[in-house]
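Numbering of residues begins at 1 and proceeds along the displayed sequence. For clarity, every value in this text was computed on a predicted model and none was experimentally measured.
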Amino acid sequence: MIGGLNYLQPVLDKLALQWPDNETVNLVCHGHSVPSGYFTTPFVNTFDAYPHLLHRMIKERFPFAVVNVIVTAIGGEHAASGAGRFEKDVLCHNPDVITIDYGLNDRSIGLLKAEEAWKSMIERCLSQQKKVILLTPTWDQSFFAKDKNWEQLCQHRDLIRRLADTYSVGLADSFSQFEQYCTSEDKLTHLLSHQNHPTQKGHQLVAEELSKYFLAR
């Protein structure tokens, strides 16, 4: 596990504090339409999307904590655009943990520009001692065709895994969770509400993958 199970140890210590010693913990979910909560466009199912599902999981494990989950994602956005607004939209919230999820849309800008943007966001997190968890992409309908779009998605998956390893930050491998679930092609229909947006079940897999870093104390 990249970053290790103890990667968020300082944050977990903070989450475990009880009143009057507890402090507010801010988690920012940055990215594109998936963390934004888009299901079948233009419907936005906020409370079935993984930021909200993760919020509930954290609160179940840390019942005395004050936790804000702040979604700064924008539908249709790629990492280069997300990096451009990182200071004013993400770091301004003084987050304890930041998740970054752009793999699906980064095919539109290519690997080199995506890598530059991801590195920029990661390095800004690390320069301010912020914990960051990178997400590999969830799947889309290109899986059925196994075409160029699917090949590119796999390349961006590999890029994100490599960046997490290089910077020793957290990795939530959503791609792997979809892979484990889809033991047959028809299984993917359980996870897609749209051509490239997960169902609640798909979001649940992502939330569970993220939750491995938030072990109860």
Side-chain angles (χ1 to χ4, degrees), residues 2-3 7-8 26-39 41 44-46 48-55 57-58 69-86 89-91 93 95 97-109 111 113-122 124-125 130-140 152-164 167 169-179 191-194 196-214:
I2 296 173
Y7 176 63
L8 294 186
N26 291 329
L27 167 63
V28 173
C29 295
H30 196 50
H32 48 37
S33 55
V34 176
S36 295
Y38 284 90
F39 277 54
T41 306
V44 180
N45 295 357
T46 300
D48 290 326
Y50 75 74
H52 180 75
L53 300 178
L54 178 63
H55 195 169
M57 290 179 184
I58 294 171
V69 174
I70 303 158
V71 178
T72 59
I74 295 177
E77 188 174 64
H78 50 61
S81 178
R85 60 186 183 87
F86 202 70
D89 287 353
V90 177
L91 295 177
H93 294 292
V97 183
I98 300 162
T99 68
I100 302 176
D101 185 0
Y102 280 109
L104 271 175
N105 288 1
D106 279 351
R107 288 173 289 186
S108 66
I109 60 173
L111 285 168
K113 288 184 177 179
E115 181 172 3
E116 180 182 355
W118 282 77
K119 283 182 174 180
S120 171
M121 290 185 282
I122 295 166
R124 277 181 278 179
C125 290
K130 305 296 184 184
K131 297 294 185 180
V132 58
I133 302 174
L134 312 183
L135 284 85
T136 57
T138 51
W139 288 14
D140 66 2
Q152 291 174 341
L153 192 67
C154 292
Q155 291 170 351
H156 284 275
R157 169 206 62 194
D158 293 342
L159 168 64
I160 295 162
R161 288 174 176 172
R162 177 168 56 80
L163 289 172
Y167 287 96
V169 298
L171 176 72
D173 201 341
S174 306
F175 192 101
S176 177
Q177 292 307 306
F178 271 55
E179 189 171 40
L191 303 182
L192 291 181
S193 63
H194 191 56
N196 62 344
H197 295 151
T199 59
Q200 193 274 343
K201 175 62 179 176
H203 278 277
Q204 184 71 31
L205 292 178
V206 178
E208 290 172 358
E209 175 70 359
L210 282 164
S211 75
K212 68 189 180 184
Y213 286 102
F214 293 89

Trainee: Ignoring hydrogens and geometry beyond distance, is a side-chain donor-acceptor pair present between Thr46 and His52 at under 3.5 Å?
Mentor: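 No pair is found: no donor N or O on one side chain lies under 3.5 Å from an acceptor on the other.
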Trainee: Any side-chain donor-acceptor pair under 3.5 Å between Tyr102 and His30?
Mentor: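 Per modelled atom types, Tyr102 and His30 side chains form a pair under 3.5 Å.
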Trainee: If you count heavy atoms of other groups shown closer than 6.0 angstrom to CD of Glu116, is the number above 12?
Mentor: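 Atom CD in Glu116 is not packed in, count stays at 12 or less.
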Trainee: For a 4.5 angstrom cut-off between non-hydrogen side-chain atoms, does Gln177 reach Glu208?
Mentor: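 Sidechains of Glu208 and Gln177: no contact.
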Trainee: Return yes if a side-chain donor-acceptor contact under 3.5 Å exists between Tyr38 and Asn45, otherwise no.
Mentor: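 No donor-acceptor contact under 3.5 Å links the two side chains.
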Trainee: Give me each pair satisfying salt bridge (charged side-chain N to carboxylate O under 4.0 Å, His left out) with a member in residues 75-86, each pair once, sequence neighbours excluded.
Mentor: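 For residues 75-86: Glu77-Arg85, Arg85-Asp89.
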Trainee: Got a sec, which residues hit salt bridge (Lys or Arg N to Asp or Glu O under 4.0 Å) with Lys119, two or more places apart in sequence or on another chain?
Mentor: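 Salt bridge (Lys or Arg N to Asp or Glu O under 4.0 Å) check on Lys119 returns Glu115.
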Trainee: Measure the shortest side-chain to side-chain distance between Leu191 and Trp139 over non-hydrogen atoms and say whether it is less than 4.5 angstrom.
Mentor: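 Side chain of Leu191 against side chain of Trp139, heavy atoms only: no contact under 4.5 Å found.
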Trainee: Can you give me the closest heavy-atom contact between Thr138 and Pro198, atom names plus distance?
Mentor: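 Smallest heavy-atom distance, with atoms named: OG1-CG, 4.0 Å.
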Trainee: If you count every heavy atom of other residues, nucleotides or ligands that lies below 6.0 Å from Lys113 atom NZ, does the total exceed 12?
Mentor: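 No.
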Trainee: Any side-chain heavy atom of Tyr50 sitting closer than 4.5 Å to one from Asp101?
Mentor: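 Touching, per the 4.5 Å side-chain cut-off.
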Trainee: So, using side chain to side chain donor-acceptor pair (under 3.5 Å) as the criterion, who are the partners of Asn196 when residues are at least two apart?
Mentor: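 For Asn196 there are no side chain to side chain donor-acceptor pair (under 3.5 Å) partners, ignoring immediate neighbours.
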Trainee: Kindly write out the residues that satisfy salt bridge (Lys or Arg N to Asp or Glu O under 4.0 Å) with Asp173, not counting sequence neighbours, or none if the list is empty.
Mentor: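 In terms of salt bridge (Lys or Arg N to Asp or Glu O under 4.0 Å), with neighbours along the sequence ignored, Asp173 is linked to Arg161.
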Trainee: Mind listing the closest non-hydrogen atom pair of Ala207 and Leu53 along with its distance?
Mentor: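 Closest approach of Ala207 to Leu53, heavy atoms only: CB-CB, 3.8 Å.
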Trainee: Of all residues at least two apart in sequence or in a different chain, which pass the side chain to side chain contact (heavy atoms under 4.5 Å, CB included) check with Ala172?
Mentor: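 Partners of Ala172 by the side chain to side chain contact (heavy atoms under 4.5 Å, CB included) criterion, ordered by chain and then number, come out as Ile133, Leu135, Glu209, Leu210.
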Trainee: Of all residues at least two apart in sequence or in a different chain, which pass the salt bridge (Lys or Arg N to Asp or Glu O under 4.0 Å) check with Arg157?
Mentor: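 Here no residue qualifies.
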Trainee: So among Thr99, Val90, Val97, Leu91, which one has a side-chain contact (heavy atoms from CB on, under 4.5 Å) with Val28?
Mentor: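 The option that passes is Val90.
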Trainee: Is it true that a side-chain atom of Thr199 and a backbone atom of Gly202 form a donor plus acceptor pair closer than 3.5 Å?
Mentor: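 Checking the backbone N and O of Gly202 against the side chain of Thr199, a donor-acceptor pair under 3.5 Å is found.
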Trainee: Quick one: closest heavy-atom pair of Pro137 and Ile160, and the distance?
Mentor: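 That closest heavy-atom pairing would be CD-CD1, 4.0 Å.
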